[in-house]
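Lettering follows sequence order; numbering is per chain, from 1. As the structure is a prediction and not an experimental result, all values here were calculated from the model.
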Protein chains: 2
Amino acid sequence: MNIGEISKRSGVPAKTIRYYEDIGLIKPERTPNGYRVFAEADLHRLSFLGRARKLGFSIEDCRNLIRLYEDETRASAEVRELAMNHLSRIEEKIAQLQNMRSSLVDVISDCAGDHRPDCAILERLAGPMT
Amino acid sequence: MNIGEISKRSGVPAKTIRYYEDIGLIKPERTPNGYRVFAEADLHRLSFLGRARKLGFSIEDCRNLIRLYEDETRASAEVRELAMNHLSRIEEKIAQLQNMRSSLVDVISDCAGDHRPDCAILERLAGPMT
DNA sequence: TGCGCTCCTTCCAGTCACTGGAAGGGTTGC
DNA sequence: GCAACCCTTCCAGTGACTGGAAGGAGCGCA
């Protein structure tokens, strides 16, 4: 199967697949004319990658996840720890964004939002923050 | 005041200030020896930028906010709209992250996390997602 | 006057995970 | 024989910095 087909079947864009080859995440064969040839195992791998990326795992995490997936002697604790670390990073981000959100809501609620130039948002940005 | 001092007083790193000059957000004077010289107005501007960035506004947003701030004839509605757009982008991000979070929590809860190799996390990544 | 210390300058490269586009060659079907 | 579509590589850009190298400027002290 060549790149167009595996892209369709895995849902991973061809550009991204080439990039993944570049950084060593997949290693397709080549035909004599230089086209990449993918096996079923590559499809499986790409789908795995796609799902991990959708869960927000970094490329480095994905590399480790694949390594663990292919290591028959792995301890599930190691996978779990990786996932837990990722989870806490996500929770941190959520908390940051929620802080931003509440400051924003706060600031916006003070602004009339009409044709006049007085604007509490700009004043809050200009002056000291609460 | 030179870059070290304004950096300390505004809380914006010197590197970042140089970058802001590069992209035209501030335009300090220069002494004959090439050192940047900042006025009180620059300090004000940098503090404004720092606060806007802390609220997650993009550089492009910041550019617009400053333009509006300095435009005496602005309508506060325009500022409000900019802020509201930013707010909805943030809320979208929060929602995305919360989706990730719940999928992750879900996946993690199925994994024993012990010395054995069976791992529900890897299985979920390998197989079809729920 | 020389020395060390800190501050300043510019420029280049790297981050992260792609994505867009150009230029060119291969394959397929009519 | 040619159009339509697939594939290739390579380069550049994204956002907002950040790190580091190489070198000049200023200042206090012996």
Side-chain angles (χ1 to χ4, degrees), chain A residues 1-38 42 45-66 85-86 89-90 92-93 96-97 100, chain B residues 1-38 42 45-66 85-86 89-90 92-93 96-97 100:
Chain A
M1 140 180 55
N2 55 21
I3 203 167
E5 195 186 340
I6 201 175
S7 167
K8 226 176 282 172
R9 287 176 64 187
S10 66
V12 179
K15 273 271 185 194
T16 304
I17 298 173
R18 290 194 194 100
Y19 171 68
Y20 286 171
E21 185 189 11
D22 244 38
I23 62 173
L25 276 179
I26 39 165
K27 301 184 190 354
E29 301 289 313
R30 297 283 180 141
T31 57
N33 67 13
Y35 284 21
R36 290 168 183 81
V37 192
F38 298 87
D42 294 315
R45 208 181 170 94
L46 274 176
S47 307
F48 184 104
L49 282 168
R51 287 190 203 99
R53 294 288 299 127
K54 262 196 192 142
L55 287 178
F57 285 102
S58 72
I59 292 287
E60 253 2 81
D61 282 349
C62 288
R63 220 185 277 280
N64 280 318
L65 285 169
I66 284 187
N85 281 342
H86 178 46
R89 264 174 272 134
I90 285 193
E92 224 171 277
K93 261 193 200 161
Q96 274 177 19
L97 287 172
M100 271 187 198
Chain B
M1 142 179 56
N2 54 20
I3 204 166
E5 195 185 341
I6 201 176
S7 166
K8 225 178 280 171
R9 286 177 63 188
S10 65
V12 179
K15 274 271 184 192
T16 304
I17 298 174
R18 290 194 194 99
Y19 171 68
Y20 286 170
E21 186 190 10
D22 244 38
I23 62 173
L25 277 178
I26 39 167
K27 302 182 187 1
E29 301 288 313
R30 298 282 179 142
T31 58
N33 65 15
Y35 285 21
R36 291 170 183 81
V37 192
F38 299 86
D42 295 315
R45 207 180 169 93
L46 274 176
S47 308
F48 184 104
L49 281 167
R51 288 189 203 98
R53 293 286 303 127
K54 263 196 191 144
L55 286 179
F57 286 102
S58 71
I59 292 287
E60 251 5 77
D61 282 349
C62 289
R63 219 184 277 280
N64 280 317
L65 285 169
I66 284 187
N85 282 341
H86 177 46
R89 264 174 271 135
I90 285 193
E92 222 171 280
K93 259 194 203 163
Q96 273 177 20
L97 286 172
M100 269 186 200

Participant: Atom CG of A:D22 to atom C1' of D:dT8: distance rounded to whole Å?
Facilitator: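 My rounded result for the distance is 13 Å.
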
Participant: In whole Å, what is the span from the CD1 atom of B:I23 to the C1' atom of D:dC17?
Facilitator: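 Value for this atom pair: 9 Å.
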
Participant: If I take atom CZ in residue B:R89 and atom C1' in nucleotide D:dG15, what distance separates them, rounded to the nearest angstrom?
Facilitator: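 Taking atom C1' of D:dG15 as the reference, CZ of B:R89 is at 13 Å.
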
Participant: Return the CZ to CG distance between A:R51 and A:L65, rounded to the nearest 0.5 Å.
Facilitator: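 Rounded to the nearest 0.5 Å, the CZ-CG separation comes out at 13.0 Å.
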
Participant: Polar atom pairs between nucleotides 8-11 of chain C and protein, under 3.5 Å, N or O only, would you list them?
Facilitator:
residue	atom	partner	partner atom	Å
C:dC8	OP1	B:N2	OD1	3.1
C:dC8	OP1	B:G4	N	2.6
C:dT9	OP1	B:R36	N	2.9
C:dT9	OP1	B:R36	NH1	2.7
C:dT9	OP2	B:R18	NE	3.1
C:dT9	OP2	B:R18	NH2	3.0
C:dT9	OP2	B:R36	NH1	3.1
C:dT9	O5'	B:R36	NH1	3.3
C:dT10	OP1	B:R30	NH1	3.1
C:dT10	OP1	B:R30	NH2	3.3
C:dT10	OP2	B:R36	NH1	3.3
C:dT10	OP2	B:R36	NH2	2.6

Participant: Atom NE2 of B:H86 to atom C1' of D:dG15: distance rounded to whole Å?
Facilitator: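 Distance, rounded to whole Å: 14 Å.
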
Participant: If you look at every heavy atom in A:R53 and A:C62, which pair is closest and at what distance?
Facilitator: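 In this case the closest contact between A:R53 and A:C62 is CD-SG, 3.8 Å.
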
Participant: Hey, which sits more toward the 5' end of DNA chain D by its nearest nucleotide, B:S58 or A:K8?
Facilitator: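 Result of the comparison: A:K8.
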
Participant: Could you give the CG-to-C1' distance, from A:L25 to C:dC16, as a whole number of Å?
Facilitator: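 After rounding, the reported distance stands at 13 Å.
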
Participant: Side chains of A:K93 and A:I90, heavy atoms from C-beta outward: is any pair under 4.5 Å?
Facilitator: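 Result no, sub-4.5 Å side-chain heavy-atom pair not found.
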
Participant: Taking all atoms of both residues into account, what is the closest heavy-atom pair of A:I17 and A:S10, and its distance?
Facilitator: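 Shortest heavy-atom contact: CD1-OG, 4.4 Å.
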
Participant: Would you please name every residue forming a side-chain contact (heavy atoms from CB on, under 4.5 Å) with A:E92, sequence neighbours left out?
Facilitator: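 None.
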
Participant: Report the end-to-end axis angle of the helix from C:dT1-D:dA30 to C:dC30-D:dG1; each axis comes from five terminal pairs, and the value is rounded to 10°.
Facilitator: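 Comparing the first five pairs with the last five, the axes sit 30° apart.
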
Participant: So what does A:Y20 touch, heavy atoms closer than 4.0 Å: a base, only the sugar-phosphate, or nothing?
Facilitator: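 Sugar-phosphate, no base atom in range.
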
Participant: Please name all residues satisfying side-chain contact (heavy atoms from CB on, under 4.5 Å) with A:N33, sequence neighbours left out, ordered by chain then number.
Facilitator: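 Result, side-chain contact (heavy atoms from CB on, under 4.5 Å) vs A:N33: A:T31, A:Y35.
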
Participant: Please tell me if B:T16 has a side-chain N or O lying less than 4.0 Å from either OP1 or OP2 of D:dT18.
Facilitator: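 Yes, because at least one side-chain N or O of B:T16 sits under 4.0 Å from OP1 or OP2 of D:dT18.
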
Participant: So, do A:N64 and A:F57 sit near enough that their side-chain heavy atoms are less than 4.5 Å apart?
Facilitator: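 No. Closest side-chain heavy atoms not under 4.5 Å.
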
Participant: For A:R53 and C:dT19, give me the distance from atom CZ to atom C1', rounded to whole Å.
Facilitator: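 In whole Å, C:dT19 C1' and A:R53 CZ are 14 Å from each other.
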
Participant: Rounded to the Å, how far apart are B:Y19 OH and C:dT15 P?
Facilitator: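 After rounding, the reported distance stands at 18 Å.
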
Participant: Find the distance A:L46:CG to C:dA17:P and express it as a whole number of Å.
Facilitator: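 Result: 16 Å.
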
Participant: Holding to side-chain contact (heavy atoms from CB on, under 4.5 Å), I want the full list of residues that pass it with B:E60, two or more places apart in sequence or in another chain.
Facilitator: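 Listed in chain order: B:S58, B:R63.
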
Participant: What residue pairs, at least two apart or across chains, pass salt bridge (charged side-chain N to carboxylate O under 4.0 Å, His left out) with a residue in residues 17-28 of chain B?
Facilitator: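 For residues 17-28 of chain B: B:E21-B:R30, B:E21-B:R36.
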
